Amino acid sequence: MPLHLPFDTTYLTLPDRFYTQQAPTPVSDPALIVFNHALADQLGLDTAQMTDTGAAALFSGNDVPDTARPFAQVYAGHQFGGFSPQLGDGRAVHLGEIDSPVGRVDLQLKGAGRTPYSRSGDGRAWVGPVIREYIMSCAMHALGIPTTRALAAVTTGDPVLREQGPLPGAVLTRVAASHIRVGTFQFFAARGDKDALQALTDYTIARHYPEADGPAGLLDAVLARQASLIAKWMAHGFIHGVMNTDNVQIAGETIDYGPCAFMDVYHPDTVFSSIDYQGRYAYSNQPSVTHWNLAQFATALVPIMPDQDEAIERFTEIINRFPAAYQTQWQAEFAAKLGLGAGDGDGTYALAQDLLTQMAHSQMDFTKTFADLDQTATSLPDWHGKWRAANPDDALWRSTNPKVIPRTHMIEQAIGAATDGDYAPFHALLSAVSAPFEPAPEFMRPPTEAQKVRQTFCGT
Ligand code: AMP
Ligand code: MG
């Protein structure tokens, strides 16, 4: 019995230059790796009659429900600073939207075959990136960081050819508030298509920011969500890795888990991505890159404003608020990590900065240091004295700092095993990162020198 998915897709009411209707390409032998029952419940899906075979057929794209009108979205984007006027879902197909109890969401199959936006790509994904995104997005959600979600992962039975050779193919079912990106606006702005820009702006406001007053209100609201999101990334040592404008989602969720990672040893200059030669998307650059990405968003909105000069002035004023908005969020995050109230701004800021400086100097593990803050009594006695003098709430910092994050070497181990058909390590890691505040000794240890992963790959 297949799962009934009550699609109600509003994106298709936008002009047809926003997408191409495109069915997923069938696969040979779909098999279910994992299904997110908790998420299905939140979405109000009735899974009582669902079988693994039915789920595999559905989430591989082999069984397209009658209510679905599958399509691929077009967008553009600044990639590492250079503008690509034509990108799009090259390996993803949208099944549609569900108007769920937790809000309207997109259901997208990632790895579902070629689309008109695939360029030279095969439209497929292999099991490695699928597992990485599944684990990462579950961990982010459990940590309270806004993120797209993973509903299911399936293997396809078809090999996917990558640099390493043939690898097992897989498809991830991604659930997102929407897939509208800064790059979606840029696509139409770059073509001077004002009608489309206006339609997209109206649609986005109605769907995500109904309280926003026109493009300026939208910009303001998106900026606030990004400031909050990036502060949370920073507070958890998360490095996205590819903060191109096509990977900046307007609804403010973390999207596109490519060469991302949680830092082990803290250093502000940390970069993992093998393609980030300049360190453009290094940990400490994430706020300034976001500021820049928001400026690109503002630029894309200018053409629909009645008075361009006035719009530029007004948008510049809004964009210039980002550093302060981010700083406020950062301080709130780090105050909680230290068990302190947000009230004492400057003192808390100095204490947090002081700790980070010493952590970098002494090559301390980011997650472990915060989870075991009381142990700074031996490692950093002077700092510990100052912190204690600020009268921290022990229950607060203990409940704020996770014990378990998906460390890169653990993800790599899970991927290695899955490639050989053994999903036990994946399931064990998934269950540990889904309860990040519970002690799970096996998953709390930083990597040994030999286990350290120094680079991550896009490896689609
Ligand atoms: P991303 O790495 O997800 O930011 O993707 C950048 C662009 O490359 C997007 O337009 C993707 O749709 C496209 N792309 C990535 N991998 C593939 C693939 N295997 N086949 C086709 N298009 C791809
Ligand atoms: Mg992307």
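Model, not experiment: these values are computed from the prediction. Whatever order the structure lists them in is the order used to number ligands and atoms, beginning at 1.
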K.L.:
Using a 4.0 Å heavy-atom cut-off, say whether Arg114 meets ligand 1 through its side chain, its backbone, both or neither.
P.N.:
neither
K.L.:
Answer with yes or no after comparing the ring centroid distance for Phe187 and Phe18 against a 6.0 Å cut-off, counting only values under it.
P.N.:
no
K.L.:
Kindly state whether the ring of Tyr281 and the ring of Phe80 have centres lying under 6.0 angstrom apart.
P.N.:
yes
K.L.:
Using the side-chain hydrogen bond (donor to acceptor under 3.5 Å, both in side chains) rule, pick out the option among Gln22, Gln21, Arg69, Gln108 that qualifies with His94.
P.N.:
Gln108
K.L.:
Without swapping roles, check the side chain of Tyr75 against the backbone of Gln86 for a donor-acceptor pair under 3.5 Å.
P.N.:
no
K.L.:
Closer than 4.0 angstrom: is that true for some heavy atom of Arg162 and an atom of ligand 1?
P.N.:
yes
K.L.:
With heavy atoms only and a cut-off of under 4.0 Å, state how Tyr75 meets ligand 1: side chain, backbone, both or neither.
P.N.:
side chain
K.L.:
Tell me if the aromatic rings of Phe262 and Phe238 count as close, with their centers under 6.0 Å from one another.
P.N.:
yes
K.L.:
Run the numbers for me: atoms of ligand 1, each under 4.0 Å from some heavy atom of Gly121, listed by number.
P.N.:
20 (N), 21 (C)
K.L.:
What atom name does the N, O or S atom of Asp256 nearest to the Mg ion (ligand 2) carry?
P.N.:
OD2
K.L.:
Ignoring hydrogens and geometry, is there a side-chain-to-backbone donor-acceptor pair from Ser118 to Gly90 under 3.5 Å?
P.N.:
yes
K.L.:
Using a 4.0 Å cutoff against the non-hydrogen atoms of Gly123, which atoms of ligand 1 qualify?
P.N.:
18 (C), 19 (N), 20 (N), 21 (C)
K.L.:
Select one of side chain, backbone, both or neither to describe which atoms of Asp246 lie under 4.0 Å from any atom of ligand 1, heavy atoms only.
P.N.:
side chain
K.L.:
If we set the cut-off at 4.0 Å for heavy atoms, which region of Asn247 has an atom near ligand 1: side chain, backbone, both, or neither?
P.N.:
side chain
